[in-house]
There are 2 protein chains.
Amino acid sequence: MSSLERRTGIALWRQIADDIRAAIGNGAYEDTGKLPTEAALATQFGVNRHTVRAALAALARDGMIDTTQGRGSFVVARKRLSYPIGPRTRFSAGLEGQVARTRSRALESRIEPASAPVAEALHLAPEAPVLRLDMLGEADDTPLSRATHWFEASRFAHLPDHYRAFGSITRALAACGVEDYVRLFTDITAAPASAADRQDLDLQPGAVVLLTLSVNGEVGGGPVQYSRSRFSADRVTLSVRMPGGL
Amino acid sequence: MSSLERRTGIALWRQIADDIRAAIGNGAYEDTGKLPTEAALATQFGVNRHTVRAALAALARDGMIDTTQGRGSFVVARKRLSYPIGPRTRFSAGLEGQVARTRSRALESRIEPASAPVAEALHLAPEAPVLRLDMLGEADDTPLSRATHWFEASRFAHLPDHYRAFGSITRALAACGVEDYVRLFTDITAAPASAADRQDLDLQPGAVVLLTLSVNGEVGGGPVQYSRSRFSADRVTLSVRMPGGL
DNA sequence: CTTATTTGTCTAGTTCTATAGACAACCAAC
DNA sequence: GTTGGTTGTCTATAGAACTAGACAAATAAG
């Protein structure tokens with residue numbers, strides 16, 4: 001039935017954990033919130049009970065379920081933060097009401113030659129100098145996203161200073177003469193978290209990150225900002241609201 | 001440096017493979033396309049050369065790299081299909097020009113009582129009868145997405161028949177009196193592929209799926225369609241174009 | 001209180017993962 | 001052709017993951 005595979009580099013207990021996680025997400029145990037017994041899961045997955053226990057232990061560590069002896073395992077409701085992807089998304093504004101406190105921290109900024117995709121997105125010559133800004137987005141002291149932004153170097157040379165002063169990219173851009181800017185497009189995909197992601201976002205191996213690639217620009221003007229972000233898929237959903245539709 | 005962790009249910013070689021995959025995605029080896037030698041990677045990751053070889057073998061199986069004896073390993077450029085998420089996205093239309101042939105196939109359709117989220121999204125009473133339609137989206141015979149759609153049962157009872165006749169949900173809806181419908185919103189997250197995903201989308205353990213949850217409705221009307229889709233993250237990026245912006 | 005059910009813990013044996021080292025096969029450059 | 005660098009293959013060993021079975025401990029229901 002639930003064909004698990006061996007020799008894939010993913011331990012059986014983790015495949016089972018992923019499966020149960022997906023089932024919870026599909027609302028499988030919605031009525032009572034109770035998972036099948038360990039014995040039942042073991043036969044369902046065609047696996048030893050100890051292997052199921054390892055999977056359940058992992059889910060319990062992640063706070064997905066709560067297990068007590070003699071009773072069973074129960075789903076713990078947990079919501080992901082909803083991160084809006086709209087024409088005018090701002091990091092902090094979009095998360096308001098969902099968390100007590102948001103913070104975005106600049107990790108590093110430097111000038112570097114534009115790589116091919118950066119140059120193309122910003123309409124610059126290849127290898128043209130660009131300002132690179134690495135940032136970490138946090139909500140209630142939990143890291144949510146790791147983003148790298150690129151800007152044309154000459155026009156935005158003092159952006160990091162303004163950012164330090166204001167604590168907001170939007171305001172720092174305004175100080176550089178960008179009155180109003182909008183998100184032009186966003187490409188979204190996903191991948192297993194790399195070691196770097198795990199360090200930055202405090203994730204465990206096997207975690208998944210949402211990868212977004214977006215370009216922001218001035219209204220009626222050209223592109224201003226090229227960004228690559230990595231979100232912890234455990235913690236956020238990207239929410240695309242259609243401005244036209246309703 | 002690249003802190004790999006043990007006893008996590010993810011074999012070291014797979015963590016390394018994920019890491020190299022991410023590095024390729026970040027354009028790390030863009031200049032020559034050549035990866036470091038196995039020996040170099042082994043020291044970089046603090047691991048035995050055989051472990052690195054297992055990682056490279058996995059990447060080669062996935063078509064990410066090409067390895068030849070005496071030369072080394074080289075990145076194979078491979079593009080993901082871009083799946084547009086806009087107000088008026090249609091499965092086949094959005095992929096035109098990227099692949100030779102797209103196909104969407106109905107797997108199953110049945111009437112069932114609405115679960116809580118379905119009822120809420122479609123503005124129906126809980127447990128109200130809804131039509132559930134399971135579909136598989138393919139491009140050039142490769143499965144791309146697995147979607148489940150829900151519609152109000154009474155109004156769209158004959159939708160499956162119309163779909164069989166026209167081969168398109170848009171046209172089938174038109175036959176049910178829905179003149180023009182638009183995407184109202186889409187929530188996007190990601191997770192490891194479950195066993196069911198692996199079967200439906202022909203994926204390997206450790207693969208990642210993009211999960212979308214969307215509601216479509218009539219222009220100036222209420223919600224009509226509630227959908228949950230699962231995309232192979234290896235094969236697609238979701239592309240959000242802002243209609244207002246530019 | 002008694003009983004059936006369910007989770008927790010222990011031991012032992014097997015299979016997979018990772019390390020270590022050695023050497024062959026192949027490629028590119030001289 | 002020779003050399004240096006790189007990937008391919010083999011053997012052996014240690015440790016982690018998985019299986020199997022048994023029994024204790026906690027819960028819930030009668």
Side-chain angles (χ1 to χ4, degrees), chain A residues 2-20 29 31-61 63-76 192 195 204-206, chain B residues 2-20 29 32-76 192 195 204-206:
Chain A
S2 309
S3 59
L4 303 182
E5 294 175 38
R6 290 156 197 258
R7 306 185 197 215
T8 58
I10 312 285
L12 289 184
W13 64 263
R14 187 167 265 279
Q15 296 185 47
I16 293 169
D18 292 342
D19 220 59
I20 296 175
Y29 313 115
D31 43 352
T32 64
K34 183 175 189 302
L35 266 61
T37 67
E38 295 175 352
L41 289 170
T43 57
Q44 176 188 326
F45 287 104
V47 105
N48 192 276
R49 186 176 144 233
H50 292 96
T51 309
V52 168
R53 282 179 60 72
L56 294 178
L59 291 172
R61 269 200 306 277
M64 294 277 306
I65 65 171
D66 194 45
T67 301
T68 57
Q69 187 172 149
R71 284 192 359 118
S73 295
F74 295 83
V75 177
V76 175
Q204 297 188 342
Chain B
S2 310
S3 60
L4 302 182
E5 294 175 38
R6 291 157 197 259
R7 304 184 197 220
T8 58
I10 312 284
L12 288 184
W13 63 262
R14 187 167 266 280
Q15 296 184 47
I16 292 169
D18 292 342
D19 220 57
I20 296 175
Y29 314 115
T32 63
K34 184 174 188 302
L35 266 61
T37 67
E38 295 175 353
L41 288 169
T43 57
Q44 176 187 327
F45 287 104
V47 107
N48 191 275
R49 185 177 145 232
H50 292 96
T51 310
V52 167
R53 282 179 58 73
L56 295 178
L59 292 172
R61 270 200 305 277
D62 293 355
M64 294 277 307
I65 64 171
D66 195 44
T67 301
T68 56
Q69 186 171 151
R71 284 193 355 121
S73 295
F74 295 82
V75 177
V76 175
Q204 296 187 343

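Order of the sequence lines fixes the chain letters, A, B, ..., with proteins taken first and strands second; residue numbering starts at 1 for each chain.
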What integer distance in Å separates Glu38(B):CD from dA25(C):C1'?
13 Å
Choose from dT7(D), dT7(C), dT19(C) the nucleotide whose nearest atom is closest to any side-chain atom of Gln69(A).
dT7(C)
State whether the side chain of Asn48(B) and the backbone N or O of His50(B) hold a donor-acceptor pair below 3.5 Å, judged by distance alone.
yes
When the distance from NZ of Lys34(B) to P of dT6(D) is rounded to whole Å, what number comes out?
6 Å
Euclidean distance, atom CG of residue Asp66(B) to atom P of dC27(C) [Å, nearest integer]
13 Å
With respect to the phosphate group of dA16(D), does any side-chain polar atom (N or O) of Arg7(B) fall under 4.0 Å of OP1 or OP2?
yes
Check whether any side-chain nitrogen or oxygen of Trp13(B) sits under 4.0 Å from OP1 or OP2 of dA18(C), and answer yes or no.
yes
Would you say the base of dG21(D) and the side-chain of His50(A) have a donor-acceptor pair closer than 3.5 Å?
yes
Just N and O in the side chain of Arg14(B): are any of them under 4.0 Å from OP1 or OP2 of dC16(C)?
no
Answer yes or no: does a side-chain N or O of Arg71(A) lie under 4.0 Å from OP1 or OP2 of dT7(C)?
no
Ignoring hydrogens and geometry, is there a side-chain-to-backbone donor-acceptor pair from Asp66(B) to Val76(B) under 3.5 Å?
no
CG of Leu12(B) versus P of dA17(D): gap in Å, rounded?
10 Å
When Arg49(B) and Gly9(A) are each assigned the nearest nucleotide of DNA chain C, the 5'-most assignment goes to Gly9(A)
Looking at Glu5(A), is its backbone amide N or carbonyl O close enough to the side chain of Gln15(A) to form a donor-acceptor pair, meaning the two atoms are under 3.5 Å apart?
yes
Report which part of the nucleic acid Arg53(B) touches: base, sugar-phosphate, or nothing (heavy-atom distance under 4.0 Å, all strands).
base
Output yes when at least one side-chain N/O atom of Thr51(A) is less than 4.0 Å from OP1 or OP2 of dT19(D), else no.
yes
Hey, could you give me the OH/CD1 distance between Tyr29(B) and Ile20(B), rounded to the nearest 0.5 Å?
6.0 Å
Roughly, in whole Å, what's the span from CD in Gln15(A) to P in dA17(D)?
14 Å
To the nearest angstrom, how far is Ile10(A) atom CD1 from dT17(C) atom C1'?
13 Å
Nearest nucleotide by nearest heavy atom, which residue falls closer to the 5' end of DNA chain D, Thr67(B) or Ala54(A)?
Thr67(B)
Nearest to side-chain heavy atoms of Asn48(B), which nucleotide of dA20(C), dA18(C), dT7(C):
dA20(C)
CD of Glu5(A) versus C1' of dT15(C): gap in Å, rounded?
17 Å
Backbone N or O of Leu12(B) within a donor-acceptor pair of the Arg6(B) side chain at under 3.5 Å?
no
Tell me the interatomic distance from Leu56(B), atom CG, to dT7(D), atom C1', rounded to whole angstroms.
10 Å
